[in-house]
Amino acid sequence: MCGIVGYIGDKEAYPIIIKGLHRLEYRGYDSAGVALLNGSLNVYKCKGKVSDLETFAKEKDKKGNIGIGHTRWATHGEPNDVNAHPHCSQSGDIVLIHNGIIENYAPIKQELKKRSYVFKSETDTEVLVNLIEDIKKNESVSLFEAVRIALNQVVGAYAIVVFEKSNPDELIAAKKGSPLVIGVGEKEFFIGSDATPIVEYTKNVIYLEDEEIAVLKRSGEIKIKTIKNKAKTPYIEELEMKLDTLEKGGFPHFMLKEIYEQPRSIKDSMRGRLNATKGTVNLGGIADYEKAFVNAKRIIIIGCGTSWHAGLVAEYLFEDLARIPVEVEYASEFRYRNPVIHEDDVVIAISQSGETADTLAAIELAKSKGATIIGICNVVGSSIPRATHAGSYTHAGPEIGVASTKAFTAQITILTLMALQIAQAKGTLSRTKFHELINELNVIPEKVQAVLERNKEIEAIAKIYKDARNALYLGRGYTFPVALEGALKLKEISYIHAEGYPAAEMKHGPIALIDENMPVFVIATQGTSYEKVVSNIQEVKARKGKIIAVVTEGDTVVKGLADYTIEVPQADEHLVPLIAVIPLQLLSYHVAVMRGCNVDQPRNLAKSVTVE
Ligand code: M6R
């Protein structure tokens with residue numbers, strides 16, 4: 001996690017760095033800092049958000065056209081001023097920012113202590129900067145070479161940017177396991193954990209590969225080597241990102257903006273892939289791997305959090321439409337379980353950020369066993385799409401709110417297209433059903449829009465339940481993953497304890513929790529399990545629980561039972577998750593706002609979990 005920014009060129013570095021840190025704040029926000037060189041090296045850092053850093057640095061000397069900045073999500077050491085980055089070496093000559101974890105920091109620290117290094121912070125980063133200094137001094141090498149040697153000694157993940165007081169003309173950046181993008185301007189370079197701090201200055205970027213180090217010179221020269229000292233030719237790519245996607249655009253929070261973007265983002269996910277007029281589905285990214293799907297005896301889906309929930313929806317889709325057995329795994333469990341993986345397995349890795357450490361490690365494991373790996377990611381150029389054999393981007397646009405919303409519906413859209421394409425290739429779906437589903441999918445954006453128009457009603461329900469201490473979410477079949485997602489949304493941004501369950505499982509335990517104070521959110525849309533869900537609602541009512549149900553327009557049965565209902569347009573049950581999740585996203589949003597929570601940056605969380 002953590003966001004890192006760097007700049008070298010003719011401009012003042014501070015405004016570029018601060019703006020960049022605001023853009024990267026989704027990655028961590030417990031402390032922040034900058035280092036600027038202008039004859040003297042000025043390091044300002046403090047506990048809190050980037051805005052606290054701005055206040056702290058207000059009256060200070062912020063001049064300099066080389067600098068680095070960091071916004072932190074604590075791993076080693078509590079969030080405080082001392083543990084905040086940048087960290088300086090003992091002599092004060094070298095300054096460094098880091099995103100990742102140096103796993104073997106303890107023995108290195110012991111060694112350095114024996115050599116009289118004294119540590120101010122509890123961080124692994126301060127160990128790394130002192131290791132670099134120690135190597136530089138003892139081996140009389142350049143900073144670049146000292147960084148390279150040091151990185152051969154560390155175990156773990158890192159994206160670092162480092163420079164030294166005595167050399168205002170060079171920034172050094174390196175990465176392994178954590179992302180790093182270099183923006184290439186006219187005799188200037190920008191560095192970011194992703195492209196968001198860079199996009200308004202240049203469209204030319206280099207995505208650094210693992211174990212590469214770059215030296216960026218004020219003259220405009222860039223050199224890249226591997227940590228094993230092999231020269232690499234920099235590969236410059238053009239960024240597709242649009243600046244306005246990074247602003248709130250009049251909405252009070254990114255989360256609300258992103259919820260409202262869903263009619264558009266779902267359309268963007270389908271663009272060029274679904275042609276309802278011609279009756280075709282074509283995900284170009286998996287074209288060469290269609291055979292692997294058709295011959296697969298099994299699909300394994302891996303992901304974390306919301307992406308794992310999207311995987312659960314896909315389990316129903318692939319089994320139902322393409323008749324391929326599916327297992328959905330938490331990447332964090334899968335990677336350590338010694339799982340049985342065959343060469344004819346297809347593994348689908350789902351990730352919004354494309355950087356989730358557990359998902360990446362699970363991919364590497366499955367790849368080493370010969371499986372075909374397909375990625376579904378949102379962030380273009382991120383690590384997961386690079387690690388997979390093939391895949392499809394979701395094209396939902398940058399998602400900045402820590403709570404995932406539009407990425408979830410975009411992932412389900414892609415997974416639906418994928419299941420349809422494979423079902424067609426396998427011949428497991430009738431032409432009539434295939435056409436029916438693609439026609440329905442084509443109009444889902446309008447149906448999502450119709451749900452958004454119920455925002456006021458949903459806000460009124462949120463007001464009634466905002467002080468609940470617990471909540472239960474129930475769904476069945478295709479809506480069970482939606483129940484899980486609804487519960488996750490509520491707990492992560494409003495800190496209300498919430499559980500998602502398959503509706504029928506309720507009577508095997510959670511029913512004991514139900515009393516007159518327990519709100520139970522039930523997704524009771526029309527479909528094969530409708531009657532059964534109605535019976536589950538009766539069971540809750542019999543125990544005086546409060547029912548808030550998401551129902552299909554025109555429903556009368558559930559309306560007669562529930563305390564409150566939210567209507568969504570009728571849709572084929574394969575596609576219901578795409579619309580049934582919208583009221584639950586809005587509900588969580590409003591509850592969190594009413595409780596005074598920081599919706600876009602909930603406590604303890606970060607958008608991109610690049611540590612395990
Ligand atoms: O970037 P990823 O999709 O790999 O992230 C996975 C989870 O960390 C993420 O979905 C998380 O659970 C969100 N906070 C959910 O809103």
Side-chain angles (χ1 to χ4, degrees), residues 1 3 24-29 73 177-179 193-194 196 253-256 258-259 262 265 301-314 328-335 347-363 375-388 391-394 396-412 414-415 473 481-482 484-495 498 500 581 584-589 592 597-612:
M1 337 254 250
L24 291 178
E25 213 167 11
Y26 72 86
R27 301 178 66 88
Y29 33 82
W73 186 88
S178 300
S193 295
D194 66 28
T196 58
H253 298 98
F254 279 110
M255 182 182 176
L256 189 63
E258 287 156 8
I259 292 174
Q262 289 175 106
S265 55
I301 301 181
I302 49 178
C304 302
T306 290
S307 295
W308 183 77
H309 295 159
L312 288 179
V313 175
V328 188
E329 304 266 3
Y330 284 117
S332 53
E333 288 296 312
F334 181 79
R335 64 181 286 197
V347 174
I348 303 178
I350 309 174
S351 173
Q352 187 287 131
S353 61
E355 299 294 348
T356 301
D358 285 321
T359 310
L360 255 172
I363 289 172
I376 297 181
C377 294
N378 193 35
V379 178
V380 176
S382 54
S383 302
I384 291 177
R386 290 155 178 273
T388 51
S392 300
Y393 282 116
T394 47
E399 189 181 67
I400 302 199
V402 166
S404 194
T405 52
K406 65 174 178 173
F408 179 67
T409 47
Q411 288 163 346
I412 295 177
I414 297 294
L415 288 159
Y473 284 72
V482 178
L484 293 179
E485 179 60 8
L488 176 62
K489 287 292 86 88
L490 189 72
K491 70 184 126 189
E492 71 179 330
I493 60 169
S494 70
Y495 320 140
V581 75
L584 305 185
Q585 294 171 342
L586 281 169
L587 194 112
S588 305
Y589 170 79
C597 300
N598 187 336
V599 173
D600 284 336
Q601 295 172 345
R603 70 183 180 205
N604 305 337
L605 283 171
K607 183 78 183 157
S608 178
V609 186
T610 57
V611 293
E612 58 170 301

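Read the numbers this way: they start at 1 and go in the same order the structure lists the ligands and their atoms. Heads up: numbering here begins at 1 and tracks the sequence.
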Check whether any N or O atom of L488, backbone or side chain, sits under 3.5 Å from an N or O atom of ligand 1, and answer yes or no.
-> no
May I ask you to test the Y330-C304 pair for a side-chain heavy-atom distance under 4.5 Å?
-> no
protein heavy-atom neighbour closest to atom 8 (O) of ligand 1 works out as V609 CG2, 3.9 Å
Taking distance alone, with no angle check, do E492 and ligand 1 share an N/O pair under 3.5 Å?
-> yes
When you measure from atom 6 (C) of ligand 1 to each heavy atom in G303, G305, C304, which option holds the nearest one?
-> C304
Run through E399, Q411, Q352 and flag the one making a side-chain hydrogen bond (donor to acceptor under 3.5 Å, both in side chains) with S404.
-> E399
Are Y26 and Q601 side-chain neighbours, meaning at least one heavy-atom pair lies under 4.5 Å?
-> no
Interfacing atoms of ligand 1 (cut-off 4.0 Å, heavy-atom, A403) | 16 (O)
Trace of the side-chain contact (heavy atoms from CB on, under 4.5 Å) decision for Y589 with L584 = CA-CA 8 Å; Y589 170 79; L584 305 185; over 6 Å; no
If you scan protein heavy atoms around atom 4 (O) of ligand 1, the nearest is T356 OG1, 2.4 Å
Ligand 1 contact by V402, heavy-atom criterion under 4.0 angstrom | yes
Considering only heavy atoms, does E355 approach ligand 1 within less than 4.0 Å through its side chain, its backbone, both, or neither?
-> neither
Indicate whether any N or O donor in one side chain lies under 3.5 Å from an N or O acceptor in the other, for D358 and T356.
-> no
Quick one: do S494 and K489 satisfy side chain to side chain donor-acceptor pair (under 3.5 Å)? Show the steps, please.
-> CA-CA 8 Å; S494 70; K489 287 292 86 88; over 6 Å; no
Looking at side-chain heavy atoms only, is the closest gap between T359 and S307 below 4.5 Å?
-> no
Hey, is ligand 1 close enough to S353 that some N/O pair sits below 3.5 Å?
-> yes
Numbered in order shown, the ligand 1 atoms found under 4.0 Å of a heavy atom of K489 are 15 (C), 16 (O)
Which atoms of ligand 1 are found less than 4.0 Å from any heavy atom of S307?
-> 2 (P), 3 (O), 10 (O)
Step by step, would you call S382 with E355 a side chain to side chain donor-acceptor pair (under 3.5 Å)?
-> CA-CA 6 Å; S382 54; E355 299 294 348; 4.6 Å; no
Output, in order, the C-alpha distance, side-chain angles, deciding distance and verdict of side-chain contact (heavy atoms from CB on, under 4.5 Å) for I302 and I350.
-> CA-CA 6 Å; I302 49 178; I350 309 174; over 6 Å; no
Among all protein heavy atoms, pick out the one at the shortest distance from atom 9 (C) of ligand 1; state its residue, atom name and that distance to 0.1 Å.
-> T306 N, 4.1 Å
Interfacing atoms of ligand 1 (cut-off 4.0 Å, heavy-atom, S351) = 1 (O), 2 (P), 3 (O), 4 (O)
